[in-house]
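First comes the structure, then the notes that go with it.
Heavy-atom basis, side chains included; hydrogens, waters and symmetry copies ignored.
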Amino acid sequence: MISRPFLSSIAFRLPFAIAFICVLVFSLATIAVYGLQRARQEMAAYGLQAFSSLAKASLVSRQVSDLVSSAPFLMNATSPYRVSSESRSVVVQVDTLLRAMQPENDGAAVKGFASSRIVELLETIRTQTTALAGDAESAQQHKAEAAAALGEIATGSGIPDADFRGRLNAVVQSASNSDSLFQLGELRRRYVSETAPRLEPAAPDIRIAAAELAPYERVFEAQTRYLLEMFAIRAAVSRLHTVSRDLSHATETQSEAVARGLSDDLVSTSDALSRILVIVAVASLLVLAMAVVSIRSVMRVSRGIVALSNGMNALAEGRKDVDAPRYDGTETELVRLLEAFRAFRESVERVTRLRRTAEAAARTIRSTFRSMNEGIALFDARGRPITMNRRVIELVGWSGSARKLPLRSFVTPLPEIDPALLPAENDAGLLSDRSVLRHRSDAGRVTEVSISRQPDGGVVLLARDITDMDRQEAEAAKIQRLDGIMRMTHQVSHEVGNMIGIITGSLGLLERETGFNDRQKRHLARIRKAADRGRSLAGSMLSIGSQQPIHPGPVEIGVVLRGMADVLEIAIGEKCRLAFDIADDLPTVLIDTALFEQSVLNLCLNAAAAMPAGGTILIRCARNEAGVTVSVIDDGIGMSAEAIDKAFEPYFTTRDAEGGAGLGLAVVYGFVRQSGGDARIASAPGKGTIVELLFPA
């Protein structure tokens, strides 16, 4: 037994109304089809054969007319092959039409349908068209013979005289394209006038054999027969034109007779159609009534659905004061939808609270992502960008427009990255493990770039600025290297000093002896001089190795520098000018004054040597966080990065041609390190040099 909720549901009511309307429409269509079938049967006996024959006769007439009108153009412009094809097509159509006009089952012809004249004209067209096709095929054969002879002429080389052969080829080419016998005769006379002087009676050097002219003769013969066949085709076309007019006239006359016969049958058919119209009108009223009932039901349901939709949209917008919509109908589905709406409203409230929490977390993540000091960029498995922050664009070396670049194009400013490692549209890339590299820009910024593959095939690119870290690592390596050199220098100077001590001691014993002649005394003096020089060199090496004895004391550096002004001005020469920038209230430092003055003097001499054309040497003294910084600044030729890296090493000099020993900066560095401070150089080619000595307070 069918339940009452099902009878009240949309799933039952709407399909029932639609099915009822369909039944009515189907019944109406069946009645109309039945009536029309009866009318069709009444007219079929007369009209089918008449209209079929007339249509086919008209088709043949049109084809014959098309053939007659297009044949002259075909003969003048192209091969007669199309005339032959069209003619045979007309013959097939005529045969088909003649068979169709035979009375079926030996029955009498339809009233008012006299086809004897049409049959007679069709048979005449068939005969003449068959003859026309034969003429066209014959003409086509002659045309092919002429083409074959032309091909033999084009590929042959029987006539040795190239100029004469070219004139004959031009004549026969014009002959093959001629469309009148008169023109062909003129070309034939030209051909004879060219070839007659070169036949048997001619001189041996210009004589040609008749066999060599055979292809040219075949061209003229084939073209002559072709033009004769074309005249026959024109005559046949003219005759077909007359027969085609007669066939068109007979077809029109017969069409009028058939139309008069059909008009009588249409009157009876019209009465039958009127009866069918009354039946269709009654059925239409029934369909309209059922449609009105269905529309009212649909409108009621639609209003309920709209109310539910508005309530759902209000919930989606986040409104809290959304009540359940009202619905007065009894449709089961909408009643259940109202119950589901109430449950959905409660779920939306919970989801809204969760969404607000998620949005707050997302804002925090986005803010962190954008303000990170490190750069990060995400790319999918095909190398297309997903997201990136502004910092990674700056570190890689792009502007803001690089956000849409694929991965391989994005890393173009980093030549250390092999593009084959990275994915592209049709290439997954060779990257498997995490790859870390460093890039040094022209401006000196060092960027560490890390590229790693994600589980889904995507790529994460991380970049961070490690310029300070790289500089600190370089400074640490440099200090370690210099300290090693200093220790080695100290050991060497100690050993050299010991050996020189033995030499000087032995030399002193020899000098006490008597009985040396002048020559031996001179040799002893040279040995003494060399020993003294070796002792001085060992002392310098001790100074470089930070092992020389120093006597530090509290010193006010500003006072010492001002007291050195006269000596420094004489040392740097007349071309250079000395300037001081000494701050007040400098702290006292604990250093050896003599070694400090020697260090400043060495720095000023180096600065003067770096300015051969003259310039200003600025000595600046300022307080720093740990003590005092003394800077010697010049605007000379500057130093390269490689020279700066080795400047404090012993015996390294950029002035070999000027006799520099390379110990000045090494001595300065040894003194500063022995005093507990540090020394730094900042320079660039063509931009001068700054040497800083840092002493703790």
Which atoms form the tightest heavy-atom contact between V446 and D465, and what is the distance? O-OD1, 3.2 Å
So OH of Y669 and OG of S599: to nearest 0.5 Å the spacing works out to 13.5 Å
What's the shortest heavy-atom distance between S409 and W398, and which atoms? O-CZ2, 3.3 Å
Indicate yes or no for a side-chain donor-acceptor contact from S675 to the backbone of F671 under 3.5 Å, with no hydrogens or angles considered. yes
Closest approach of D456 to A381 (non-hydrogen atoms, all atoms of both residues): O-CB, 3.9 Å
N-O pairing of D427 and R408 below 4.0 Å: yes
Please assess I619 against D581 for the test side-chain contact (heavy atoms from CB on, under 4.5 Å), listing each intermediate value before the final yes or no. CA-CA 6 Å; I619 299 177; D581 181 8; over 6 Å; no
Tell me yes or no: between the side chains of R434 and S450, is some donor less than 3.5 Å from an acceptor? yes
Heavy-atom closest pair (R453 atom, L431 atom, distance to 0.1 Å) is NH2-O, 3.0 Å
Within this structure, what is the CG-CG distance for the pair N606 and L601, rounded to the nearest 0.5 Å? 9.5 Å
Please enumerate all residues that pass side-chain contact (heavy atoms from CB on, under 4.5 Å) together with P587, with sequence neighbours excluded. R623, V628, A697
Considering residues at least two apart in sequence or located in another chain, which fulfil the side-chain contact (heavy atoms from CB on, under 4.5 Å) criterion with D635? M611
M639 backbone acceptor or donor facing S683 side chain under 3.5 Å: yes
N624 side-chain N/O to G627 backbone N/O, donor-acceptor pair under 3.5 Å: yes
Candidate pair M388 and F410, rule side-chain contact (heavy atoms from CB on, under 4.5 Å), full reasoning: CA-CA 11 Å; M388 62 183 69; F410 184 76; 3.8 Å; yes
How long is the gap from CD1 on I466 to CZ on R440, to the nearest 0.5 Å? 8.5 Å
How close do I617 and A608 get, heavy atom to heavy atom, and via which atoms? CD1-N, 3.8 Å
Minimum heavy-atom distance between F379 and L405, given as atom pair plus value: CE2-O, 3.9 Å
With rounding to the nearest 0.5 Å, note down the distance linking CG in L414 to OG1 in T447. 7.5 Å
What verdict does the side-chain contact (heavy atoms from CB on, under 4.5 Å) test give for C621 and T629, after you've listed the backbone C-alpha separation in whole Å, the side-chain angles of each residue and the deciding distance to 0.1 Å? CA-CA 6 Å; C621 189; T629 299; over 6 Å; no
Using the rule given for side-chain contact (heavy atoms from CB on, under 4.5 Å), can you reason through L586 versus E556, listing the C-alpha separation, both sets of side-chain angles and the distance that settles it, and then say yes or no? CA-CA 7 Å; L586 293 175; E556 295 183 3; over 6 Å; no
Of L378, L462, L461, I376, the one forming a side-chain contact (heavy atoms from CB on, under 4.5 Å) with V392 is L461
Euclidean distance, E597 CD relative to L568 CG, rounded to 0.5 Å: 9.0 Å
